[in-house]
Amino acid sequence: MSTHALSRTNRPRSGRSKWGFLAWALTLLFFAPVGWMFLTSLHSEADAATNPPSLTAPWTFEHYGTLLERGLAAPMINSAMAGIISTILVLLFAIPAAYALSIRPVAKWTDVMFFFLSTKFLPLIAGLLPIYLIVKEIGMLDNVWTLIVLYTAMNLPIAVWMMQSFLAEVPKEVIEAAQVDGAGLTSILVRVVGPIAVPGIAATSLICFIFSWNEFMLAVNLTAVRASTAPVFLVGFITNEGLFLARLCAAAVLVSLPVLIAGFAAQDKLVRGMSLGAVK
Amino acid sequence: MTLLIDRPEVESPPTKAMEDARRREARERRKRRIPLLPALIFVIVVTQLPFVATLVLSTLHWNVLRPGERSFAGLANYGTVFTDARLRNAVLNTVVLTVSVVLVSMLIGLVLALLLDQKFFGRGLARTLLIAPFLVMPVAAALLWKHALYNPAYGLLNGVLNAVGGWFGMTDPPQIDWISSMPMTAVVASLVWQWTPFMMLILLAGLQSQPADVLEAAQVDGASGWNTFRHLTLPHLRQYLELSILLGSIYVVQTFDAVFTITQGGPGTATTNLPYEIYQTMFRKYEYGEAAAAGVVVVIGTIVVATFALRVVSSLLREEARR
């Protein structure tokens, strides 16, 4: 990075600030809807619906309070449950699999990797009908655990790919050296693999949680009142209550907040996870 | 045949020690595979079996509104799928939506990645703000675009137009109904906004993996910025561009949230893509057989595209296996 940066210092100053200006202009253009969402959520309904838009109207937090009163808490808890439990299950399945695939590669390991990847190519919608019928048959409609099982399966292939790419970074020579020194499996896992795997596990968990938290199609078709998740609640809330723009924006801010915070905290891990571990 | 007969002559007769070694090796191989099995079995049961079931359902006449009329249909549902104008329209919409979202967001993403690869004041903050659209919950983003941006009366888009028009003394600024006058563009724009940061992050990773000494050498040799980009950066980025197209397509082709929320597939069927059309066949028309057949057609189409796409990933994987 430092040599990279050094090579850039030779560029003329004026050119650099011109690019910086353009970069910031585009950044603000892209960020504007998010900023607008946040600003509108702090306005009263009357101030939110003015034309031209008002930037200076007084702030209020009343919509956030109203939302929690109108039951946004329950679907947020459902979303959190589906996201957290399915992420834990994914890790329990994915870590051993990735270990088998990367540190002690099984024969034809690329075939197994491709099988996992291929399940991501299959559009979810094409499997929805039998899933719906089976879930209905066993009486598990409108149940958070149904979503947990489905989200686990949905995220498992991605997690295996991510974890494989992280664990592949453990140099084989180091493991062999530890084996020669007489280290057992447990101490190899804890002392050699662990330190390299922990950031990978964190990144994988983050990606799986984001995908589950944001998932809509399965949730909207398989849940109703009791188990509805945040996105389902959001859509139903707008339909049932009519449009209150400021309250809608407050709801959009609230449901996006966990992912926004997590994503900002781990931006570089995000892309690697989304691209199935392929980008270093 | 000759090979089979020749084999014992090539190999020396098995001794007890060799047999033991072979058995140990087989046991070792099995042991290596055990940690893989839970994940494999779980994925097969939950994601693959439903597709087999979809295949079976696609051969049935089955409409929930006409109970007791479930019967074997053979390939009749596929006939309906291929001759149905609605479905052809949905296929077309899916292609238009996916291609335009992926290409436009990739191009803007490339521009942003190139800009963010430069050093400038507040670069880290700019990057953080830029990825926000990608992190906002897709359903929330769709609602935001529909109501807070596109709304003809008080949406931000018309609001800005009116404000700017006001500065220039326009007394009757336009009140454009974005969603009904240009529904596909409205959906595409919101998705481009959402996916551009993703493309930008992949391409930025590509740019930053470019060896600095090569760029430095080019600079010393007096190559212009454009020539460096054209002959060094672009070839290096090729793999990353392919990857972003591939992944973007996988994710965008399945778009459901935005269509469901912003346009409900309308007006008419102007923005009905395949996932939304299948959803409607299933949960609005209750034509289970037809929906299943359409699902199978989608899977086959995706497999054809994915086979080409997989070559991209396999080149990445080969590189990793070489390491």
Side-chain angles (χ1 to χ4, degrees), chain A residues 3-4 7-8 16 19-20 22-24 26-27 30-31 33-34 36-37 40 49 51-53 93-94 96-97 99-100 104 106 110 119-127 129-131 153 156 160 214 216-217 231 234-235 238 243 245 248-249 252 255-256 259-260 263-264 267 271 275 278-279, chain B residues 32-33 35-36 38-39 42-43 46-47 50-51 53-54 57 112 115-116 118-121 126 128-133 135-140 143-144 147-149 154 156 159 162-163 201-202 205 212 215-216 243 247 250 254 256-257 275 278 282 288 291-292 295 298-299 302 306 316-317:
Chain A
T3 52
H4 198 64
S7 70
R8 300 280 154 97
R16 216 195 301 162
W19 293 127
L22 185 59
W24 265 107
L26 283 171
T27 301
F30 265 83
F31 187 73
V34 181
W36 186 244
M37 165 175 85
T40 308
N51 184 2
F93 283 119
Y99 179 76
R104 344 155 59 182
V106 296
T110 49
T119 64
K120 294 312 292 177
F121 284 118
L122 297 175
L124 215 48
I125 185 87
L129 181 58
I131 290 175
L156 194 47
V160 170
N214 286 346
F216 177 64
M217 197 182 70
L234 208 56
V235 168
I238 303 305
L243 181 63
L245 191 62
L248 161 68
C249 286
V255 297
S256 302
V259 169
L260 276 168
F264 285 158
Q267 355 186 328
V271 57
S275 47
V279 171
Chain B
R32 286 182 180 189
R33 248 182 256 134
L36 248 180
F42 189 80
V43 167
V46 183
T47 71
F51 287 106
T54 306
L57 290 172
L112 286 169
L115 286 171
L116 283 197
Q118 314 286 319
K119 272 195 109 54
F120 62 87
F121 178 72
T128 303
L129 293 182
L130 259 178
I131 61 172
L135 297 175
V136 171
M137 179 186 285
V139 167
L143 286 167
L144 175 78
H147 297 295
L149 301 184
Y154 45 77
L156 184 64
N162 292 355
L201 285 173
I202 291 185
L215 292 177
E216 223 164 305
L243 184 71
L247 293 170
I250 299 178
Q254 308 208 25
F256 180 75
D257 318 30
I278 295 175
M282 224 182 295
Y288 283 2
V298 175
V299 169
T302 316
L316 285 169
L317 203 65

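Values below: every heavy atom of this structure, side chains too, minus hydrogens, waters and symmetry copies. First the proteins, then the strands, lettered A, B, ... as listed; each starts at 1. Everything quoted here is computed from the prediction, not taken from an experiment.
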- line: The side-chain contact (heavy atoms from CB on, under 4.5 Å) partners of A/P130 (sequence neighbours excluded) come to B/P50, B/A53, B/T54, B/L57

message: Let's test your reading of the structure: which of A/I131, A/V160, A/L248, A/V235 forms the most heavy-atom pairs below 4.5 Å with chain B?
response: A/L248

field: Most contacts with chain B, counted as non-hydrogen pairs under 4.5 angstrom, among A/L129, A/L124, A/V259
entry: A/L129

- request: Locate the shortest heavy-atom distance separating A/L234 from A/A252; write the atom from each residue and the value.
  value: CD1-N, 4.4 Å

field: Nearest non-hydrogen partners of B/Y154 and B/H147, listed with the distance
entry: CE1-O, 4.3 Å

Among [options], which residue forms the greatest number of heavy-atom pairs with chain A at distances under 4.5 Å?
options	answer
B/L130, B/L116, B/L149	B/L130
B/A291, B/A132, B/P133, B/A292	B/A132
B/A148, B/A140, B/A126, B/A163	B/A126
B/T47, B/V298, B/V46, B/L144	B/L144

query: Who are the ring-ring contact (aromatic ring centres under 6.0 Å, His included) partners of B/F42, not counting sequence neighbours?
result: A/F93

message: For A/L156, which atoms come within 4.5 Å of any heavy atom of chain B: side chain, backbone, both, or neither?
response: side chain

query: Non-hydrogen atoms of chain B under 4.5 Å away: do they reach the side chain of A/F264, the backbone, both or neither?
result: both

task: Using the side chain to side chain contact (heavy atoms under 4.5 Å, CB included) rule, pick out the option among B/V299, B/I250, B/I278 that qualifies with A/P123.
output: B/V299

Side chain from CB out, backbone as N, CA, C, O: work out which of these in [X] comes under 4.5 Å of a heavy atom of chain A, or both, or neither.
X	answer
B/L129	both
B/Y288	both
B/L112	side chain

- prompt: Can you tell me if A/W24 uses its side chain to pair, donor with acceptor, with the backbone of B/F121 under 3.5 Å?
  reply: yes

